[in-house]
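All heavy atoms count here, side chains included; hydrogens, waters and symmetry mates do not. Chain identifiers are assigned alphabetically (A, B, ...) following the order of the sequence lines, protein sequences preceding nucleic acid strands; residue numbering begins at 1 within each chain.
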Protein chains: 2
Amino acid sequence: MSIADRKAREKEALKSLILKGAKKLFLERGIEQTTIRNIADEIDYSVGTVYVYFKDKNAILHDLHSIGFQELGGYFKELFTVKDPMERLKKMGIMYLKFAMENNEMYDLMFIVKAPMEFIESSEKEEWNEGIGTFSALRKTVEECIAIGHFKGHFAEPLSFMIWGLVHGMCSLEIRQRTKGVKFSNPDQILYQGYQEYLKIIEKL
Amino acid sequence: MSIADRKAREKEALKSLILKGAKKLFLERGIEQTTIRNIADEIDYSVGTVYVYFKDKNAILHDLHSIGFQELGGYFKELFTVKDPMERLKKMGIMYLKFAMENNEMYDLMFIVKAPMEFIESSEKEEWNEGIGTFSALRKTVEECIAIGHFKGHFAEPLSFMIWGLVHGMCSLEIRQRTKGVKFSNPDQILYQGYQEYLKIIEKL
DNA sequence: AATCAAAAATGAACATTGTTCAAAATAAAT
DNA sequence: ATTTATTTTGAACAATGTTCATTTTTGATT
């Protein structure tokens, strides 16, 4: 264990500390109301230090968005135990919805806020591995469904995208306050009711 | 025609001028890169004047979002000529997609950006009439479909919401750069391909 | 035509933001 | 003990939304 190693560890630790503080504030007061100064205050460091460890605010938002995908992975974990791809597909949607509803702010950051994508664009070579990985999980499940005879006449990739759009659309309408505007009979149930309609449909396919 | 009338007209005219300038800049450089000072410069008035005619930036964004709904209404106009509700439903989705793809920035403002909803919340009594109206058009069409025997076993409201979510989801993933991240075989076709999958499905219901 | 009051327009000033960077403080190496 | 490298700092800057006392313009009154 050299000193360089320890330093590297300390650097990582401080980076994590910044992210931890940022996440705490995000959940408390929302992404937009959280400033770099807030984050610095929260962890008792100066603004300057934050900029030593992160290129800019987008970099923080991007790292936090990655953490969000890890957390989504936790929700998806139990899907591996479901052997029937059709059952897995149905449950995957429920887990996605559940994650979105229990982690509004994180979901927003992962799938709606522009910053994480801007960061990826600005840092050249990198790709949106988090998104690619998550979509792959969906597409593979859909492919398995097709392989055992479901979704006759459909194509895996666009069908998967359609399904992603379906659940994401309901979640983002909710998170960005468009469901509150439209007065539903049962506002706090409409997401799951919508998903039920989807389930009825794919059960026939 | 009293002087008071003329003044009222002039007030309206200047309000429109501000909105027109704001929209021009939005389309040119995006919502987030447009400042009140930019808008004031664009129409050769001072910042202070803008604040005489609009309470704050959210108010401008809200009025512009309303204009967006009028424009969406234009896209929907030809739907009235379609008598068969099932055909109308299919075409409504296409028009919605078309509007979103041809008016990215306006769509974003109408269905993703928080500002318009914040404005409505802050101004008490008002409701999201634009959203209510648009959703009603969808739900009524779905109800007509049900009335002539389609969508057996489904409920109009949640099914309509699911359909809205489906198209909105694909549009917002595209607009907020999440489709560029995931490498599709045919990136610039994926929205319509996804919609095709949806069409195949509802044709069976 | 001159005067006054109301309405409209102004832009300097403020608070808050993200960001930078020379200087200070600390740690490591010699 | 001294020098060098690393880490941290916070004052300073530019940009933003917003306010409001002041100025300018307009309309009414005499």
May I ask you to say what Leu14(B) touches in the nucleic acid, namely base, sugar-phosphate or nothing, with a heavy-atom cut-off under 4.0 Å?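 Leu14(B): backbone/sugar contact only, no base atoms under 4.0 Å.
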Is Tyr53(A) touching bases, backbone alone, or none of the nucleic acid, heavy atoms closer than 4.0 Å?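 Since only primed, P, OP1 and OP2 atoms lie under 4.0 Å of Tyr53(A), the category is sugar-phosphate.
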Taking [atom1] from [X] and [atom2] from [N], how many angstroms apart are they, rounded to a whole number?
X        : N       : atom1 : atom2 : value
Ile36(A) : dT20(C) : CD1   : P     : 11 Å
Gln33(A) : dG18(C) : CD    : P     : 11 Å
Lys55(A) : dT20(C) : NZ    : C1'   : 14 Å
Glu10(A) : dA27(C) : CD    : C1'   : 10 Å
Lys11(B) : dT25(D) : NZ    : P     : 20 Å
Leu61(B) : dG17(D) : CG    : C1'   : 12 Å

Check whether the ring centres of Phe135(A) and Phe184(B) lie less than 6.0 Å apart, and answer yes or no. yes
Does the side-chain hydrogen bond (donor to acceptor under 3.5 Å, both in side chains) test come out yes or no for Thr35(B) and Asn38(B), once each step is laid out? CA-CA 5 Å; Thr35(B) 70; Asn38(B) 288 340; 3.2 Å; yes
Looking only at non-hydrogen atoms, find the nearest pair between Gly169(B) and His168(A) and report the distance.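 Taking Gly169(B) first and His168(A) second, the nearest heavy atoms are O-CD2, 3.6 Å.
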Nearest to the side chain of Lys57(B) - dT18(D), dA9(C), dT8(D)? dT18(D)
Take atom NZ of Lys200(A) as the centre, draw a 6.0 Å sphere, and report whether it contains more than 12 heavy atoms from other residues, nucleotides or ligands. yes
Considering residues, nucleotides and ligands other than Lys20(A), do more than 12 of their heavy atoms fall under 6.0 Å from its NZ?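 No.
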Geometric class of the Trp164(B)/Phe161(B) ring pair [parallel <30°, tilted 30-60°, perpendicular >60°]: perpendicular
Do any of residues 37-50 of chain A sit with a heavy atom less than 4.0 Å from DNA chain D, and if so which?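 Residues of residues 37-50 of chain A that come under 4.0 Å of DNA chain D are, in numerical order, Arg37(A), Tyr45(A), Ser46(A), Val47(A), Gly48(A), Thr49(A).
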Distance check: side-chain N/O of Tyr51(A) vs OP1/OP2 of dC21(C), anything under 4.0 Å?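 For Tyr51(A), the contact criterion (side-chain N or O under 4.0 Å from OP1 or OP2 of dC21(C)) is not met.
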